[in-house]
Amino acid sequence: MDDRSRALLKTLIERYIEEGQPIGSRTLSRFSGLDLSAATIRNVMADLEDMGLVTSPHTSAGRIPTPRGYRLFVDTMVTVRPLEEIAAREVEKGLLPDSPQRMLNSAAQILSNLTHFAGVVMTPKRAQVFKHIEFMRLGEGKILLIMVTPEGDVQNRILPTTQDYTPSQLVEAGNYINAQFAGKSFAQVRAHLVSDLDNLRTDISGLMALALHSGVSDYGMGQGDMLLSGERRLLNVGDLSANLDKLRKMFDMLEQKSVLMQLLDISSHADGIQIFIGGESDLLPYEDLAVISAPYSVDGQIVGTLGVIGPTRMAYDRVIPIVDITSKLLSGALSS
């Protein structure tokens, strides 16, 4: 594609995002800054249509972007705006260090409030790793396992035991496990202990075996949850609410969560901002929707993803920095 065609495609998409109507050659001539005749512009538009980047609604002589056109636009043409100072302060104020769950809920609400679309946060998978554990004697035949995750969440589990452990044995076992395995998942601990349990003292190996075989190891395999905020704002987006069948499908997707969870999980394995354009793949089959997402971390380790769900006709240059700064400030708040 030559520079002229790129400039006209960029202008068409920017004007369509702004106006919401098919864009004709007269508008392109006025806003592109190119000294081109209407006939030349129409020829370029015909070429872009042949390339699958724009399409002509049957009710209009103007053109609108296709999912493929949006993809080229967001990958190579968007100039991201600096985030307004007021918006940056709102994000920072809303993510003051608090309980991890409240901060995650706040992040989803902030994303929705600033963009006027739906904010989404995928919470960390349960106990992906543990930061600290303790054993506490509850009485004969029962021990309380207290586990702290890197996000600061505390989980408790009662372990039945046939051996009567002393408080000093429980403290020593907890200290050993924290020193050797803090920061690792229970699956990693289990794999390591296959060869080492026989070499440990009976009291320590017994407690470790209890922890691993009481279901705690499975705890690390659970799925994270998905927090949604402001999904009803999408009813105010004409592109999404004009067709009742499309609207029903969209809310079915939000309710079932599986499609979004898959997108957010993919984002957690990538660096930086990810943009999913509806209709360009099976990942997001709803052509009028787009998702902008970014991972967030705790102490440098990615634990989840957040993002904005909105129409493909959204101001990407404004929404991208909102998602980006929210992910960074949330990472900092969770790590503090």
Side-chain angles (χ1 to χ4, degrees), residues 83-134 144-157 182-183 185-186 216 219-234 254-258 260-261 263-265 267-268 272-274 291-310 319-336:
L83 188 63
E84 301 96 327
E85 186 177 343
I86 293 175
R89 282 204 303 269
E90 184 173 337
V91 176
E92 194 164 12
K93 186 172 74 172
L95 293 176
L96 291 175
D98 198 345
S99 77
Q101 188 63 34
R102 279 199 287 268
M103 282 193 284
L104 296 176
N105 278 308
S106 294
Q109 292 166 7
I110 289 167
L111 289 167
S112 178
N113 291 340
L114 290 179
T115 63
H116 305 292
F117 301 134
V120 60
V121 175
M122 186 175 76
T123 64
K125 291 182 180 180
R126 297 182 299 171
Q128 200 170 30
V129 298
F130 67 88
K131 183 177 180 180
H132 180 82
I133 67 172
E134 293 180 21
L144 178 66
L145 171 64
I146 305 168
M147 180 178 63
V148 182
T149 71
E151 301 79 48
D153 291 327
V154 179
Q155 305 293 337
N156 299 321
R157 186 69 60 88
S185 69
F186 280 99
V216 177
Y219 194 74
M221 304 304 175
Q223 289 296 312
D225 196 8
M226 192 179 77
L227 307 174
L228 265 177
S229 178
E231 57 267 40
R232 293 188 66 83
R233 293 180 189 263
L234 299 177
L254 296 178
E255 185 176 348
Q256 293 171 3
K257 298 184 179 182
S258 57
L260 282 175
M261 289 288 280
L263 289 183
L264 296 175
D265 189 57
S267 295
S268 70
I273 295 289
Q274 300 292 305
V291 177
I292 300 176
S293 64
Y296 63 90
S297 61
V298 175
D299 296 329
Q301 179 179 356
I302 292 174
V303 295
T305 315
L306 54 77
V308 167
I309 306 163
V319 176
I320 288 171
I322 291 173
V323 172
D324 185 46
I325 192 66
T326 304
S327 72
K328 290 174 180 174
L329 290 176
L330 179 61
S331 297
L334 290 171
S335 301
S336 63

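Predicted model only: the values in this text are computed from it and were never measured.
Rounding to the nearest 0.5 Å places CD of E85 at 13.0 Å from CD of E90. In this structure, CG in N105 is found 11.0 Å from CG in L228, a value given to the nearest 0.5 Å. Atom CD in Q274 sits 10.5 Å away from atom CG in L263 (nearest 0.5 Å). Taking CD1 from I325 and CG from L95, the interatomic distance works out to 10.0 Å, rounded to the nearest 0.5 Å. Within the model, atoms CE of M103 and CG of L330 stand 7.0 Å from one another, a figure rounded to the nearest 0.5 Å.
Residue L114 is tested with V308, I322, V319 for a side chain to side chain contact (heavy atoms under 4.5 Å, CB included); the sole match is I322.
Counting only residues at least two apart or in different chains, salt bridge (charged side-chain N to carboxylate O under 4.0 Å, His left out) contacts with residues 108-118 are absent. Listed by first and then second residue, the salt bridge (charged side-chain N to carboxylate O under 4.0 Å, His left out) pairs that reach into residues 322-336 are D324-K328, sequence neighbours excluded.
Shown here are the side chain to side chain donor-acceptor pair (under 3.5 Å) partners of S327, two or more places apart in sequence or in another chain: there are none. Applying the side chain to side chain donor-acceptor pair (under 3.5 Å) test to D299 and every residue at least two apart in sequence or in another chain returns nothing. Residues that satisfy the side-chain contact (heavy atoms from CB on, under 4.5 Å) test with P321, not counting sequence neighbours, are V80, L83. Contacts of N113 classified as side chain to side chain donor-acceptor pair (under 3.5 Å), with partners at least two apart in sequence or in another chain: R233. Taking the side-chain contact (heavy atoms from CB on, under 4.5 Å) definition, one finds that E92 meets it with L329, sequence neighbours left out. Contacts of E255 classified as salt bridge (charged side-chain N to carboxylate O under 4.0 Å, His left out), with partners at least two apart in sequence or in another chain: none. Every side-chain contact (heavy atoms from CB on, under 4.5 Å) that T305 has, sequence neighbours left out, goes to M122, L264, S267, S268, S293. Not counting sequence neighbours, K93 has no partner by the side chain to side chain donor-acceptor pair (under 3.5 Å) test. Under the side-chain contact (heavy atoms from CB on, under 4.5 Å) criterion, S229 pairs with A108, Q109, S112, not counting sequence neighbours.
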Criterion side-chain contact (heavy atoms from CB on, under 4.5 Å) on L227 and V120, from CA distance to verdict: CA-CA 6 Å; L227 307 174; V120 60; over 6 Å; no
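Contact check for I146 versus I133: no side-chain heavy atoms found under the 4.5 Å cut-off. Annotation: side chain of S331 is not in contact with side chain of V298 (no heavy-atom distance under 4.5 Å). Looking at Y296 and T326, their side chains never come closer than 4.5 Å, going by heavy atoms from C-beta outward. When side chains are defined from C-beta on, V121 does not count as touching M226, because their heavy atoms never get closer than 4.5 Å. Within the 4.5 Å cutoff, side-chain heavy atoms of I309 are placed close to those of L254. In this structure, F117 and L234 have side chains that are in contact, with non-hydrogen atoms separated by less than 4.5 Å. In this structure, the side chains of L260 and K257 stay at 4.5 Å or more apart for every pair of heavy atoms.
Between G119 and L111 the shortest heavy-atom distance is CA-CB, 3.9 Å.
At least one donor-acceptor pair under 3.5 Å links the side chain of T123 to the backbone N or O of D225.
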